[in-house]
Amino acid sequence: MCSIQEGELLQPKRQPSSSLRDRKCMKCSNEETVVIIRINDAFCKDCFLQYCTHKFRSAFGKSRLIRDKEQVLVAHSGGPASCAMLHLIQEGTSRRAHKKLRFSSVLVFIDDGVFHGLTLVERKARNAQVLKQLISSGLDVHAYAIEQVMSTTSSASLGLPVQAVSADSFEILCSFDSECKQLEALLAATTSDTSRQSLQHVLRQRLLIQVANGMGINKVLLGNSTTSLAVQMMSNVAQGRGAHLLYDMSFADLRSTSVTFVRPMREFTTHEIEHYLLLNQLGTIDVISTGPKGLEGLTSDFVLGLQADFPNTVSTIMRTGEKIGVSHSEIDIDLCCSLCQAPLDTDVGPSSALAATQFSEVVSRGNRQSSRCSSEATECCGQGDGSCQSSTRCELPDLRRSLCYGCRLMCKDLKDTSLLPASVQSNALQVKNRAEMRASIQNFLIEDDDAK
Ligand SMILES: [Zn+2]
Ligand SMILES: [Zn+2]
């Protein structure tokens with residue numbers, strides 16, 4: 001039962017600003033406290049580092065998701081959360097670790113300079129900085145450029161292991177000219193900053209899945225912190241991706257049938273991560289500022305602004321998100337979005353808000369796209385069934401049908417959907433073909449109930 005009286009919600013209690021002066025460590029009563037976490041818990045250096053290590057390892061222990069000696073990909077962006085995660089993995093897998101993490105890691109860095117409008121020289125300089133740091137970890141490092149997601153070649157040949165930092169390896173990393181031009185064209189055709197940011201997330205995720213598939217690895221560790229997940233959750237809901245909250249925020253994201261995304265940093269706030277890095281004297285690579293802010297940037301300002309005064313903000317958003325997510329017990333690959341690969345959320349009945357929006361879209365377009373063999377389709381043979389125009393490329397209505405609601409909204413800001421990666425087009429086409437085949441043999445199928 002909710003015990004909050006009307007009116008109380010309007011005035012949340014502002015936390016008094018906490019100071020370390022005259023505080024003792026809540027664990028060992030040491031007087032040399034270095035950080036206050038959660039709401040008002042003071043910690044000394046040793047106890048804080050122990051608390052971080054325990055939190056990180058228990059996330060793996062509780063889930064029992066990763067088997068002994070399993071190989072996992074660790075996605076590294078160069079940002080603070082990635083750097084802290086890498087250090088925690090190194091500590092956890094080292095010989096001196098108490099409860100040892102028993103998986104082996106391959107680091108993956110994706111250069112997304114195209115999204116930030118960086119020049120080739122700027123991209124090379126940044127790549128050099130990040131790769132130098134990654135290679136010093138002693139783990140296997142693989143580097144990719146985000147434009148490789150546009151490539152039509154098989155995922156196995158995408159890989160570029162970086163064994164040593166040399167001028168050559170960066171030349172290779174920045175030499176996907178035709179893919180780079182395709183991605184730049186796609187970005188130029190995207191009319192809003194919000195959709196551009198959303199596209200960046202989706203394409204990065206697709207590339208990670210392709211890379212993992214190519215290496216035969218099925219777990220990818222991401223460095224999402226509590227704070228970044230809370231911001232993402234608010235902005236995803238605002239962008240029509242509410243049905244996928246559970247995938248976006250959970251420890252194990254099972255949306256893809258071949259790869260599980262794991263978020264071991266999801267219980268760490270950025271405040272904790274900053275202190276972890278500081279106390280371990282670890283440097284990070286500067287996060288690139290992306291110019292104009294999309295919805296995500298504005299949401300971030302809003303949430304961080306609230307968090308500064310009300311330290312419970314971020315964790316409350318997270319816990320709320322966990323409760324309102326929709327879970328999908330079994331994922332049918334034909335009912336997944338061709339772009340973000342989450343289960344489709346668009347089968348919602350004729351009297352839904354989505355159906356109403358679609359209806360008004362059709363009306364406002366004057367129903368021009370209802371038939372592919374309309375009078376506007378000049379190359380039509382006159383059959384009237386669309387058969388004359390079948391091709392390997394997916395038609396817009398078919399592509400839209402294969403997308404989730406959030407991706408449909410994103411594609412509305414795209415002037416030309418044929419610029420999307422070839423793999424998206426072929427996914428959509430596959431889904432359409434399988435649906436057609438299923439419909440044609442429907443009468444001959446034996447239902448599960450009859451078979452029993
Ligand atoms: Zn202590
Ligand atoms: Zn989608």
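All values below were derived from every heavy atom in this structure, side-chain atoms included, with hydrogens, water molecules and symmetry-related copies excluded. Indexing begins at 1, ligand by ligand and atom by atom, following the structure's order.
- Taking the charged nitrogens against the carboxylate oxygens, Arg204 and Asp112 have no contact shorter than 4.0 Å, which rules out a salt bridge.
- Excluding waters, the set of protein N, O or S atoms lying under 2.8 Å from the Zn ion (ligand 2) comprises Cys337 SG, Cys340 SG, Cys404 SG, Cys407 SG.
- We find that Arg96 and Glu91 are joined by a salt bridge, their nearest charged nitrogen and carboxylate oxygen being less than 4.0 Å apart.
- Considering only residues two or more places apart in sequence or on other chains, Arg319 meets the salt bridge (charged side-chain N to carboxylate O under 4.0 Å, His left out) condition with Glu267, Glu322.
- Side chains of Gln210 and Gln148 form no contact here, defined as non-hydrogen atoms less than 4.5 Å apart.
- Annotation: side chain of Glu296 is in contact with side chain of His201 (closest heavy-atom distance under 4.5 Å).
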Report all side-chain donor-acceptor pairs from residues 41-49 shorter than 3.5 Å, counting only partners two or more places apart or in another chain.
residue	atom	partner	partner atom	Å
Asp41	OD2	Arg38	NE	2.7
Asp41	OD2	Arg38	NH2	3.0

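- Side-chain atoms of Ser338 and Ser402 form a donor-acceptor pair, as typed in the model, at a separation below 3.5 Å.
- Between Glu122 and Arg126 there is no salt bridge, since none of the side-chain N atoms of the basic residue sits less than 4.0 Å from a carboxylate O of the acidic one.
- The Zn ion (ligand 1) has Cys25 SG, Cys28 SG, Cys44 SG, Cys47 SG as protein N, O or S atoms under 2.8 Å away.
- Between Phe60 and Phe56, the two ring planes are perpendicular [angle over 60°; tilted spans 30° to 60°].
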